[in-house]
Protein chains: 2
Amino acid sequence: MLAIGTLAKRTGTKVQTIRYYEQIGLMPEPGRTEGGQRRYDAAALDRLAFIRHARQLGFSLEAIRELLDLSDTPDRSCAEVDAIAQKQLREVEARLVRLEALRVELQRMIGACTVDRVADCRILEVLRDHEECLADHGTGA
Amino acid sequence: MLAIGTLAKRTGTKVQTIRYYEQIGLMPEPGRTEGGQRRYDAAALDRLAFIRHARQLGFSLEAIRELLDLSDTPDRSCAEVDAIAQKQLREVEARLVRLEALRVELQRMIGACTVDRVADCRILEVLRDHEECLADHGTGA
DNA sequence: CGAAACCCTACAGTCGCTGTAGATTGAGAG
DNA sequence: CTCTCAATCTACAGCGACTGTAGGGTTTCG
């Protein structure tokens, strides 16, 4: 049985984050020692590793909750799991497109700045005048 | 003189966001009507447009605060402005690299799933076993 | 047995907004 | 000039996904 700190180290999670996951019902309430400290078993370790890995892949806690629910019903079709992953992929791709546009714009902006005084700074000018902007950056990078 | 709603429309900002910027000292306190409603001038419009544009380029409010401070002292060197923009560019590039790795991993994961039952779902398996993972995804996509 | 390292709860703070409730004001129509 | 109704006001709570803090209690090891 693992103490929370050990579990944290094994999964690369902060102790508070584990307690937070428990609080929002993503991790089940573990057993306790007589003194009231949490003790975790291998199932908890697996579940937390799953959560952390999915988080690193950019899944929201809500999506992860769904994935965990789905994986608890092994006879169901895989299609729902696939749909969640596809959605995640599409979101990542959309973010990539936007970020790339930002990169281009930032580079263009920086490249234009050859003067020395803030008064003539091209960077500030570009930021002032959206019109000069090439990129079609919407909101939410 | 513009009412807050007009300013909001002109800059593509929500009314509450403008009040929030005022609250955190990013926008100066505007004049008021007798009844207490905010009225904005052209300078406020410019400043807000600058803020929104910088936000769209991914600058944090803190970075924007610095940029605004710098642009208020037109005789200073442009180097500090450049440094902020360079830092922003580096951050965007780092995010791009990470996101691209995520995209590859997600695609690989989805591609691997050809079965029908959740019990054999490759997606869930990949999420369970970090070892199978090709991408070196750290934290913070 | 004592010290150090760990763990507990409860709550506030982060970032950048967004939404709500309930009251007041302003601008155009009649 | 009054009515109406959209727009505005303040104050505060909530989002996601944690992180940090205060002020204690517990475990483990020498």
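In what follows, every chain begins at residue 1, and chains take the letters A, B, ... in the order their sequences are listed.
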*Asks:* Using a cut-off of strictly less than 4.0 Å between a heavy atom of the residue and any atom of DNA chain C, enumerate the qualifying residues of residues 31-46 of chain B by number.
*Replies:*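 Of all residues in residues 31-46 of chain B, the ones placing a heavy atom under 4.0 Å from DNA chain C are T33(B), G35(B), Q37(B), R39(B).
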*Asks:* Residues two or more places apart in sequence or in another chain: which of them pass side chain to side chain contact (heavy atoms under 4.5 Å, CB included) with A119(A)?
*Replies:*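 A119(A) satisfies side chain to side chain contact (heavy atoms under 4.5 Å, CB included) with R117(A), P74(B) only.
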*Asks:* Should P28(B) and R47(B) count as side-chain neighbours, where that means a heavy-atom distance under 4.5 Å?
*Replies:* yes
*Asks:* Taking 4.0 Å as the cut-off, does a side-chain nitrogen or oxygen of S60(B) come that near to OP1 or OP2 on dC15(C)?
*Replies:*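 Negative; the distance criterion is not met.
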*Asks:* Can you check whether K14(A) has a side-chain N or O nearer than 4.0 Å to OP1 or OP2 of dA17(D)?
*Replies:*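 K14(A) to dA17(D) OP1/OP2: no side-chain N or O under 4.0 Å.
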*Asks:* Can you sort out the partners of Q88(A) under side chain to side chain contact (heavy atoms under 4.5 Å, CB included), two or more places apart, ordered by chain and number?
*Replies:* F59(A), E91(A), V92(A), R95(A), L106(B)
*Asks:* Any sub-3.5 Å donor-acceptor pair from H53(B)'s side-chain atoms to V126(A)'s backbone N or O?
*Replies:* yes
*Asks:* Confirm from the modelled atom types if E62(A) and dG16(D) form a donor-acceptor pair under 3.5 Å, side chain to base only.
*Replies:* no
*Asks:* Return the 5'-most residue of the pair A3(B), R19(A) with respect to DNA chain D, ranking by each residue's nearest nucleotide.
*Replies:*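 Counting from the 5' end, the first nearest nucleotide belongs to A3(B).
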*Asks:* Is R65(A) paired with E62(A) through a side-chain N to carboxylate O contact shorter than 4.0 Å?
*Replies:* yes
*Asks:* Establish, with yes or no, whether the OP1 or OP2 oxygen of dC18(D) is under 4.0 angstrom from a side-chain nitrogen or oxygen of Y21(A).
*Replies:*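 Yes.
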*Asks:* Hey, does L99(A) have a side-chain heavy atom less than 4.5 Å from the side chain of L102(A)?
*Replies:*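 Counting from C-beta outward, L102(A) and L99(A) do come under 4.5 Å.
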